[in-house]
Amino acid sequence: MASEHPRANLQPLTLHIPEPKFRPGDAVDFAEVDVPPAGEARRPDTADKASDFIDLAYTLVRVLDDDGNAVGPWDPKLSPDVLRRMLRSMALLRAFDERMFRAQRQGKTSFYMKALGEEAVAVAAAYALDYEDMCFPSYRQQGLLIARGWSLVDMMNQIYSNTADRLGGKQLPIMYSVKEAGFFSISGNLTTQYPQAVGWAMASAAKGDTRIAATWCGEGSTAEGDFHSALTFATVYRAPVIFNIVNNQWAISSFSGFAGAEATTFAARAVGYGIAGLRVDGNDALAVYAATEWAAERARTNQGPTLIEHFTYRAEGHSTSDDPGQYRSEGEPNAWPLGDPIKRLKDHLIAIGEWDEERHAAQDKELAEQVKAAQKEAEKNGILGHGLHQPLESLFDGVFEEMPWHLKEQRQQMLDEESASGRPWDIKA
Amino acid sequence: MNMIQAINSAMDIMMERDPDVIVMGEDVGYFGGVFRATAGLQAKHGKTRVFDTPITECGIIGVAVGMGAYGLRPVPEIQFADYIYPALDQLVSEAARLRYRSAGEFTSPITVRSPFGGGIFGGQTHSQSPEGLFTHMSGIKTVIPSTPYDAKGLLIAAIEDNDPTLFFEPKRIYNGPFDGYWDRPSQNWSKHPAGEVPTGYYKIELGKAKIVRAGEALTILAYGTMVHVCTAVVAEAGIDAEIVDLRTLVPLDIETIEASVKKTGRCMIVHEATRTSGFGAELSAIVQERCFYHLEAPIERVTGFDTPYPHSLEWAYFPGPVRIGEALKKIMKDA
């Protein structure tokens, strides 16, 4: 017979709340992070079926070993010249970040986000893609623009929202849009760019074009519905798109466990969709390059999408508005077992006799000067804190192709109010 | 032609004229759509231009935005407007703002078609009127036809338009105008002048309302199915009302509205959507701001109630002849 308490003998359930291994004050030990030897992962043919290499979604594709040698089947065998250019782009990105971070602290702009520690992710990918391919980045892929040789001054103009800002001061700093350089307008709403990249890639395929799309999101935002919609669409239509998940361990203060990292890898998200999945050492520029090149070949030969998890570490805070000291151990960035991507590529170039410490130091100096000069140039066009840089009436431009009456009316009201206020704005009534 | 055929014809013509126009959505390809609006289009224009999609509205709109950024002109279908909510972010934060945020570098020339409104025993999930959500967000146009003739001309204009446009199709009047009496036999579009639809290309400019019935006693602002219900009620009541079919909510034809209300001195607003923060609230505010000194009675709103759409009590919810008639009496009381 059923008792009064039919479940009285059962253990109560418990709710699991993920918790990162280290909090402020904790000593860091990353021994549990599985780092397989470089060169160990196999490299399937780009025409192979995604289900034939599921193991690659659970390991780490690595090319650079601890001694700076490029080893194994994924070694892209780049010329020393390309390696040096890639190193230079990564170092330029770091110098740019450093200077713009300081510009924010000096009150010259409202906001900035560094890519410190994950420079290889965007830069190496940019080198492996064609310039004509369309990138749908998230907010930490400024390395794409830098690797594509885009003007630093133009980027800074956007950061300063000054008179030369191509976006007319309408976007948060670092939310670039450069169609000319294949860099899609960045959204602050997470992972919305994922289905958009799929749509672009599908359009390219439908038109018989040869260009492909690539997109990036953080590991945290793989939880968004758009991510899963995008993967579904991409697998259904075999869209020529590369999905990049930048697993930098932290989504502001939430560690990767809150996106499901305790249970599986992010590359394994691909498996359920029948999409090719690779998990790569994101601090290894050669591994990132090789994986992207491989995925691009798959896309270009109608083998469909590839999802790449870049296993890396966000060495800096989320943004200038964040203080990582409040939620993670200060020992983490230095203890990170995959090292510094710039140092690793530099060590490789030195190991093959194509670079040395002196040249590197000289280059760093030169890049710092280049960034400084660009900053001086950009600041001629104004900085965010110094009044209004855009004509007031431009506030209403671009909501629609042609301005409807209600916006014209609101614009006139604003201009009339400004005129009456006697404030010294430049009114073009 | 009925409204479905008119809509089908608009897409067909635009696909013929512009190789960048593509049609996508759940069931729109081989089957031709649950309402048959895309019937025959895949057979004629090919599978890469007319295709079925996975059941993910945010995916459908997100993908359409990317296609638009590439240079195509996607016409995605959301099978029922009730299912547009998962796509809300892609519509209002992405499509609607892409031009603004990229200073014109990228645009979203997409036209989202979706059947909306009640009166078909569709219950909570096949009856809603979400237009007010979108009129509230800047950067997206909202178009609602009330006849086959208008549907074709407006849809062609929307597809040619370079801004993202929502094209809400009042499904209660797909097959014929509706007088609001669910238990009476309904008329077919073949017996209505607006059912005479040219087979070729023509368009109706967005942002222009239509005076369906000229009158002096009061102005009724309506759109979609409600245009026909109001027309029937006015005829039955023998009131000389001016009925304005708004046709597009954004951009709104303020000139026609203002001229009409100033002429008649009375304004009644009718829509199916829930009342609070509905588009009628905006219309009411606009009329009050611009026509206050011409008004001879308070503005009347006749709308759906602030409840989910009830299945069995659908006709109590629906702003039908009884509710509209009561409002007419009230607004005309001192006339």
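Below, chains carry the letters A, B, ... as their sequence lines are ordered, and counting in each starts from 1. Reckoned from all heavy atoms, side chains included, excluding hydrogens, waters and symmetry mates.
Minimum heavy-atom separation, A:W405 to B:I286: CH2-CD1, 4.4 Å. Taking all atoms of both residues into account, the shortest heavy-atom contact from A:Y237 to B:T53 is OH-CA, 3.0 Å. Shortest non-hydrogen contact noted between B:R101 and A:F184 is NH2-CE2, 3.7 Å. Shown here for B:A103 and A:R166, the closest heavy-atom pair between the two residues is CB-O, 3.4 Å. The two residues B:F106 and A:S177 make their nearest non-hydrogen contact at CE1-OG, 3.3 Å.
Of the two parts of A:F183, only the backbone, made up of N, CA, C and O, holds a non-hydrogen atom closer than 4.5 Å to a non-hydrogen atom of chain B. A:E409 touches chain B through its side chain: at least one heavy atom from C-beta onward sits under 4.5 Å away, while N, CA, C and O do not. A:M134 touches chain B through its side chain: at least one heavy atom from C-beta onward sits under 4.5 Å away, while N, CA, C and O do not. If you measure heavy-atom distances from A:I186 to chain B, the contacts under 4.5 Å come from the backbone alone. Neither the backbone nor the side chain of B:P86 comes within contact range of chain A; no heavy atom of the residue lies under 4.5 Å from a heavy atom of that chain. For B:A64, no part lies near chain A; criterion is any non-hydrogen pair under 4.5 Å. The contact between B:D89 and chain A is made entirely by side chain atoms (from C-beta outward), counting heavy-atom distances below 4.5 Å. Heavy atoms of B:I254 lying under 4.5 Å from chain A belong to its backbone as well as its side chain. Contact of A:D165 with chain B is not made at all, since no heavy-atom distance falls under 4.5 Å.
Each of A:T192, A:V198, A:D209 has some count of heavy-atom pairs under 4.5 Å with chain B, and the biggest count is that of A:T192. Annotation: maximal heavy-atom pairing with chain B below 4.5 Å, among A:S229, A:S394, A:A239, occurs at A:S229. Of the listed residues (A:P195, A:A230, A:A206), the one with the most heavy-atom contacts under 4.5 Å to chain B is A:P195. Ranked by heavy-atom pairs under 4.5 Å with chain A, the list B:I61, B:V250, B:I140, B:T107 is led by B:I140. Of the residues considered (A:Q193, A:H228, A:Q171, A:E180), A:Q171 shows the highest number of contacts with chain B, using heavy-atom pairs under 4.5 Å. Ranked by non-hydrogen atom pairs under 4.5 Å with chain A, the options B:R290, B:R49, B:E57 are led by B:R290.
Surrounding NZ of B:K263 are more than 12 heavy atoms belonging to other residues, nucleotides or ligands, all under 6.0 Å away. Within 6.0 Å of CZ in A:F111 there are more than 12 heavy atoms belonging to other residues, nucleotides or ligands. Other residues, nucleotides and ligands place more than 12 heavy atoms under 6.0 Å from the CD atom of B:Q288. Other residues, nucleotides and ligands contribute over 12 non-hydrogen atoms within 6.0 Å of the OH atom of A:Y131.
Using modelled atom types, no side-chain atom of A:Y194 and backbone atom of B:G59 make a donor-acceptor pair closer than 3.5 Å. In this structure, B:E105 contributes its side chain and A:V178 its backbone to a donor-acceptor pair below 3.5 Å.
Contact of the A:E401 side chain with the B:D161 side chain is not registered, since no non-hydrogen atoms from C-beta on lie closer than 4.5 Å. Annotation: side chain of A:H406 is not in contact with side chain of B:L252 (no heavy-atom distance under 4.5 Å). With a 4.5 Å cut-off on side-chain heavy atoms, B:T48 and A:M202 do not count as touching.
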Worksheet entry | A:F233 and B:I60: CA distance, side-chain angles, deciding distance, side-chain contact (heavy atoms from CB on, under 4.5 Å) verdict | CA-CA 8 Å; A:F233 262 82; B:I60 292 169; 3.8 Å; yes
Worksheet item: Would A:D226 and B:Q90 count as a side chain to side chain donor-acceptor pair (under 3.5 Å) if you check the C-alpha gap in whole Å, the side-chain angles of each, and the deciding distance to 0.1 Å?
Response: CA-CA 9 Å; A:D226 294 64; B:Q90 283 287 350; 2.7 Å; yes
Item to complete: Begin with the C-alpha distance, continue with both residues' side-chain angles, and end with the deciding distance and a verdict on side chain to side chain donor-acceptor pair (under 3.5 Å) for B:S102 and A:S185.
Response: CA-CA 6 Å; B:S102 71; A:S185 158; 5.1 Å; no
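Between atom CD of residue A:E402 and atom CG of residue B:D163 there is a gap of 8.5 Å, rounded to the nearest 0.5 Å.
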